[in-house]
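Each remark here refers to the structure printed beneath this line.
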Amino acid sequence: MTNTTPLRTVKARRTFLENVIRTLKSAPTSAWFGMIVILIYLIAAVFAPLIAPYGEAEVLGKAYLPSSAEHFLGTDQLGRDIFSRLIYGARNTIGIALLTTLISFFVGGTLGILAALKRGWLDQGVSRVVDAFLAIPVLIFALMMLAVVGKGIGNLILILALLDSTRVFRLARAVALNSAVMDYVEAARLRGEGTGWIVFREIVPNILPPLITEFGLRFCFVFLTIAALSFLGVGIQPPTADWGSMVAENKSLINFPVRTFPYIPAPFYPAGAIALLTVAVNFVVDWFLHKTSGLRDGS
Amino acid sequence: MHPVLKVVLQRLALGFLTLFAVSIIIFSTLSFLPGGYAQNILGQGATPETVAAFNHELGLDRPAPVRYIEWITNAVQGDFGNSYSGTTGNIKRSVSSVIGPRLYNTFFLAAMAAIIAVPVALLLGVLAALYRNSWFDRAVNSLTLTTIATPDFLIAYLLVFFLAVKLRWFSPLSTVSETTPFFEHIYKAILPAATMTLVIVAHMMRMTRASIINLLASPYIEMAQLKGMSKAQVILKHALPNAWAPIATVIAFNMAYLVVGVVITEVVFVYPGIGQLMVDSVSSRDMPIVQACALIFAATYILLNLLADVVAIATNPRLLHPK
Amino acid sequence: MAVENKRVKGDVLLTITGLKIEGKSEDTWNPIIKGVDLTLKRGEVLGLIGESGAGKSTLGLAGMGFARPGCRFTAGSIVFDGIDLLAASDEEKRALWGSRIAYVAQSASASFNPAHRLMDQVVETATERGIMQRETAEADAIDLFKRLQLPSPDTIGLRFPHQVSGGQLQRAMTAMAMSCRPDMIIFDEPTTALDVTTQVEVLAAMRRIVEEFNTAAIYITHDLAVVAQMAHRIMVLRYGNLVEEADTRKMLKSPTQDYTKSLWAVRALQKPESPSDDIVLDVSHVTASYSNSAKVLDDVTVKIPRGRTVAIVGESGSGKSTLARAITGLLPPSSGTISFNGKPLSAKLADRDKDTLRRIQMIYQSADTALNPRQRVRDIIGRPVEFYLGLKGADRDRRVVELLEAIELNESYIDRLPSEMSGGQKQRISIARALAANPEVIICDEVTSALDQIVQEEILKLLMKLQKDTNVTYLFITHDIATVRAISDEIVVMHKGKVVQQGLKSKVLNPPFPAYTELLLSSVPQMDPDWLTTLLESRKAKA
């Protein structure tokens, strides 16, 4: 390019809010759908006690009532309101998955970036341990650990965060390595900058987009794994409302269809709620991925 | 030594090293148990004497390295010790006798799913890559994205609901035993296998598509076009010989979903395989069985990846024809 | 022979009229070729020259009726020997490709299929089309290998691409293009990736074979001296438009357009050398290697005088960039010492104090990787100002503006991101960042090689001006002899990790030469259209 090449026009500086609004306006339908679904879920999770018509574990009457004016989605095997439990479930299931992903990113991300920057024994050591962990599927390892330390929400979060952090480590290390070999990082080292500056000023701003994308995908993975573990009966324990266990509690409706209980959809509500959220997050991630990989920054 | 052989041997050594590391991880999880295993089983009220006696009976009072070597030497010979659930009574159940028939069932199911899923996924993936951005590509893309985002058990229950409950083509439960005839076994395994197939096809197809697109972007593919080769010649002669390594990697990678899928699917269909056994044993905290199952799952996964790498090495022209 | 008979020089073979091509980026179609006419006669070699973004490769491929994915033809016509390529079906075009129109790509190592032997790829079109039997085709390929002076022509076809060197691969690709005796070959920057000494052989081989078979060719390059050796006629392209077209000799002697004239300019830049004995940086018997591998620097001794420009010249693998890494402390030498202002420098970067670091700065080849894409100019230049000189807030900004003015930009650039500037402007920012430290030595690692000709000249002029103003010393690492000739006081020639020669420009560039220096200097293409012919004759005479 020459000095006379027509330049990408330098736009007037916008405020952060203006940028956000402008970006949102350009979002495709699928991303909008995803964002709206996520927003609704978040509202349900935060304001669960205000929205839910009944309590989380409140037994209200007969089991397996079909949907009616009092019970929007009917009642479950113990006679609890399914709609209320779905709303509380949003709070429990999403909250736990989010917390787990945050811990996993904090641990895995920090170690990954440090390993990429420092190389040497730290990188070698952590990488070898992580390789061994990566050789065991998460669900299998989680099942084994849960057998050892026992069921419980705290254990569940710690175990999944530990296992997931190995996956985060690998990605963070890879993207940080891409950035760490850039001349601008070398220039900072030659200038005499410390590790803190290099990590937070030079590397992190450049690897944020892939890490945010990965956060969405890892959240989906953790969320589905928690749902699977709860479904298997070793995750979140009753009477806590949780979508995975809600499917498990009502699964006999499908496996053993009895004429007297024609109310089959009960397990499909929580299962559908899980699927809808992961689809929504995937749509948003897809859009973000397209935006950050296809376009340069600042636009 | 021929470089291919050398690299293959190096990779095999690395694979067995990984397997060794994984077995140590699996074995040592037991020692993370707060208060020890006996305390947990016998309850807080157990006297130190009973705990000691219990530990001695199970051999838990010996040093860990000794127990590990004993465990792993027996394990490679197929002996995983005795199930804890039998120890309080008089009859001891050996882990292998519990796992044996279930292992066959699980491999039966996994093989069925893989046999359908791998060709279908590869075909769809290659077609989607060749007809990139066509309506076919878009349709397959959104379909697989939705499938990936759907929990395995929902897919399973949807299949049960429509094919078993509504249409009554199949039974919602896949109960088989050692006496079940082969073809009846296949029939009973169709729904669980279909569930797993759907999940793997989605993942595998997307990865196949991505790696084929990556391959087709190579300059030598453009060169083949500009040499006047037909589309078929470009694909078969120029792309395919370079595609084995990425395809093998994609297949092996997706077998992880098979391993995870098998656990959930078996529970949904009450199919007597080691996935369901593992879940039951986790609830009853029968550690020898849990460890044995984990080791089997992990070993399968590691060996599949090892195989894929060996394929990649053996088809690499740079290694096949060294300078 | 019947094949030869159809080649009557003078008939028009390819006619392109009013061609427009668009390319897709970020979901919008932008023009790449904006209405270009081109004619090519049988047996004629047409040079397409232009800088990056001129659309020369796109135009070259259009000569085959091919548009890369993401490009489309929007207007005009392409007629090859009476066949309208834009109206032709894929079938019809495929029948021409490989047999009547052939293509030679820039990177031979990427364009040969790694899974097949060279011979299978060279004869593929001929045998697949049934133009020749396999045996005949192979015998003919071996003949072509001989004509292209490939080593062991009888057996080289049995090799796989990764077993053959870059220069040999490029000749094998020419053999592949020639296999069906096409009417026309498109050469797309075929020697750009090669070192100069290799380039000479490849250029000679390609030119000879095209002459022998009277093949028409379109030769695409950004290098005027190269195109001068290859083409009968030259077309200069810029931003998808034709700037000027003339016969090679006429174009070289008297270009009419300002843009074309400016392409010559960098060769005109001349700085007189000025000797000095005040050594600022003294590299003494330095040997270095990357973990356990062979020595990349082998007993290197170089003296760098203050306030002067010392050019380190060499081809890839000569160790010239490694020397920079050893001086900066990124790669501690295994033996030898480096003294700075008479005091030994610590080998490791971590052991050097801030003030030493400040005094030696570095500018990189590619500003795209050297400037953090997430930082604005204010921070890129401001950081060293703050870090080394302790200026903060308004003082810092004031200094940044001063530096911007020193590099002939202005205050309005202070809030820009690298992506909002052109290549030349970004390289200026890199220079300002180095300058911000008030350094004594600046190591310039191929700082102009990623830039277009005109921008190169501007950057070099700026560097010279800054040296005059601040008496800064440049260690100028480059493979480009023309640049060296223009700006250096002293020259160090490196080859395979060793110093071949160090001395004043006038001494190194004039005979008597050590053997390698002579090879290197004589291999650099000159603007003279007879340069290659003369060189080959003189080398033949010596051998």
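Reckoned from all heavy atoms, side chains included, excluding hydrogens, waters and symmetry mates. Naming: A, B, ... by sequence-line order, numbering from 1 per chain.
- Taking chain B as the reference chain and counting heavy-atom pairs below 4.5 Å, the highest number among C/Gln106, C/Glu91, C/Met176, C/Lys93 is found for C/Met176.
- Near-neighbour residues of residues 82-89 of chain C relative to chain B, defined by a heavy atom under 4.5 Å from a heavy atom of that chain, are none.
- When each of B/Ile148, B/Thr144, B/Thr208 is paired with B/His203, the side-chain contact (heavy atoms from CB on, under 4.5 Å) condition holds for B/Ile148 and for no other.
- For C/Ala102, no part lies near chain B; criterion is any non-hydrogen pair under 4.5 Å.
- For C/Ile186, no part lies near chain B; criterion is any non-hydrogen pair under 4.5 Å.
- The backbone N or O of C/Asp223 lies less than 3.5 Å from a partner atom in the side chain of C/Thr221, making a donor-acceptor pair.
- By a heavy-atom distance cut of under 4.5 Å, C/Gln121, C/Glu124, C/Thr125, C/Glu128 are the residues of residues 120-128 of chain C near chain B, going up by number.
- At a 4.5 Å heavy-atom cutoff, B/Thr315 makes no contact with chain C through either its backbone or its side chain.
- At distances below 3.5 Å, not a single donor-acceptor pair connects side-chain atoms of C/Asp143 with backbone N or O atoms of C/Ala139.
- Side-chain atoms of C/Gln170 come within 3.5 Å of backbone atoms of C/Ala105 as a donor-acceptor pair (strictly under, hydrogens ignored).
- Options C/Ser107, C/Pro69, C/Ala115 differ in how many heavy-atom pairs under 4.5 Å they form with chain B, and the most are formed by C/Ala115.
- With hydrogens and angles ignored, the 3.5 Å screen pairs a side-chain donor or acceptor of C/Arg117 with a backbone N or O of C/Leu158.
- Only the side chain of B/Glu222 has a heavy atom closer than 4.5 Å to any heavy atom of chain C.
- Counting heavy-atom pairs closer than 4.5 Å to chain C, the top-ranked of the candidates B/Arg318, B/Met223, B/Lys237 is B/Arg318.
- A donor-acceptor pair under 3.5 Å is formed between the side chain of B/Asn254 and the backbone N or O of B/Val250.
- Under a 3.5 Å cut-off, the side chain of B/Trp244 and the backbone N or O of B/Ala312 do not form any donor-acceptor pair.
- Between B/His321 and C/Phe160, the ring-plane angle classifies as parallel under the 30° and 60° cut-offs.
- Counting heavy-atom pairs closer than 4.5 Å to chain B, the top residue among C/Ala177, C/Ser111, C/Ser99, C/Ala95 is C/Ser111.
- By the 6.0 Å and 45° rule, C/Lys56 does not stack over the aromatic ring of C/Phe187.
- Interface remark: C/Phe112 contributes backbone atoms only to the contact with chain B (heavy atom separation under 4.5 Å).
- Looking only at distances, a side-chain donor or acceptor of C/Asn113 sits under 3.5 Å from a matching main-chain atom of B/His238.
- Checked against a 6.0 Å centroid threshold, the rings of C/Trp97 and C/Tyr103 do not count as neighbours.
- Between C/Leu14 and C/Ile78, some side-chain heavy-atom pair lies under the 4.5 Å cut-off.
- The local environment of CD in C/Gln133 is sparse, with at most 12 non-hydrogen atoms from other residues, nucleotides or ligands closer than 6.0 Å.
- Within the 4.5 angstrom heavy-atom criterion, only side-chain atoms of C/Arg129, from C-beta onward, approach chain B.
- Proximity of C/Phe145 to C/Met119: side-chain heavy atoms (C-beta onward) are separated by under 4.5 Å at one or more points.
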